[in-house]
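Note that these values count all heavy atoms, side chains included, but never hydrogens, waters or copies made by symmetry.
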Amino acid sequence: MTTETMRFEAPVGQPIRYKTLIFTVRACETTAADEVAPDSAAYMTVDTQPKALPGRVAPPGRQVYKGWMYANSPGLNPLQHPVYDAWLIACKTSSPVAPAAKR
């Protein structure tokens, strides 16, 4: 048996393919920095879409997951797939831009 671990970023609203899976994050939220137990939660869909063989049409895809995933509780709503395990590590947010100082 072999195992492969891959970590990747999936921007909100942009589908990301990993082998036959397509991950689409619809929303990603993080608790405030001053919370006692910081956590991240993401609402996402995961579709399976095998790649087309040369000279053939790709088989139809199907949705294999739709729901919230929680970084601190990966077993709460897991992706149930015979080959892959996937879980949320964190939501990455950009820092707000401070308004320009008045002169």
Side-chain angles (χ1 to χ4, degrees):
M1 298 197 94
T2 62
T3 185
E4 178 182 343
T5 300
M6 180 173 195
R7 189 179 222 176
F8 59 89
E9 292 183 19
V12 174
Q14 180 180 335
I16 299 294
R17 179 183 278 275
Y18 175 73
K19 297 189 179 185
T20 61
L21 298 180
I22 300 170
F23 295 84
T24 306
V25 176
R26 304 292 179 184
C28 205
E29 301 289 331
T30 301
T31 57
D34 61 348
E35 289 285 330
V36 174
D39 197 8
S40 292
Y43 186 80
M44 65 178 71
T45 59
V46 182
D47 299 306
T48 182
Q49 175 64 59
K51 292 184 178 181
L53 297 173
R56 296 195 171 183
V57 177
R62 65 184 179 88
Q63 190 172 78
V64 294
Y65 182 85
K66 179 172 135 180
W68 287 94
M69 283 190 182
Y70 301 90
N72 286 349
S73 302
L76 188 58
N77 291 320
L79 167 69
Q80 296 179 354
H81 190 277
V83 177
Y84 302 109
D85 286 329
W87 59 88
L88 176 69
I89 295 172
C91 289
K92 185 177 179 180
T93 58
S94 57
S95 301
V97 177
K102 293 183 180 179
R103 294 184 177 193

For the CE atom of M44 and the SG atom of C28, what is their distance to the nearest 0.5 Å?
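That separation rounds to 7.0 Å.
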Can you tell me how far apart CD (E29) and CH2 (W68) are? Round to the nearest 0.5 Å.
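Reported value, rounded in 0.5 Å steps: 6.0 Å.
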Taking a hydrophobic cluster as the set of Ile, Leu, Val, Met, Phe, Trp and Tyr residues connected by side-chain heavy atoms closer than 4.5 Å, whether directly or through intermediates, do [X] and [Y] fall within one such cluster?
X	Y	result
L21	W87	no
V83	F23	yes
Y70	V25	no
V46	Y43	no

Is a side-chain N or O of [X] found less than 3.5 angstrom from the main chain of [Y], in a donor-acceptor match?
X	Y	value
Y65	N77	yes
T20	T48	no
R56	A58	no
N72	P38	yes
Q80	D85	no

Shortest non-hydrogen contact from [X] toward [Y]:
X	Y	answer
T30	S40	OG1-OG, 3.2 Å
K92	E9	NZ-OE2, 3.1 Å
T45	Q63	CG2-NE2, 3.6 Å
A90	A71	N-CB, 4.5 Å
P15	I22	CB-CG2, 3.7 Å

Salt bridge (Lys or Arg N to Asp or Glu O under 4.0 Å) partners of K66, counting only residues at least two apart
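Counting only residues at least two positions away or on another chain, K66 forms no salt bridge (Lys or Arg N to Asp or Glu O under 4.0 Å).
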Which residues share a side chain to side chain contact (heavy atoms under 4.5 Å, CB included) with I16, sequence neighbours left out
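Here the qualifying residues are F8, A10, P11, Q14.
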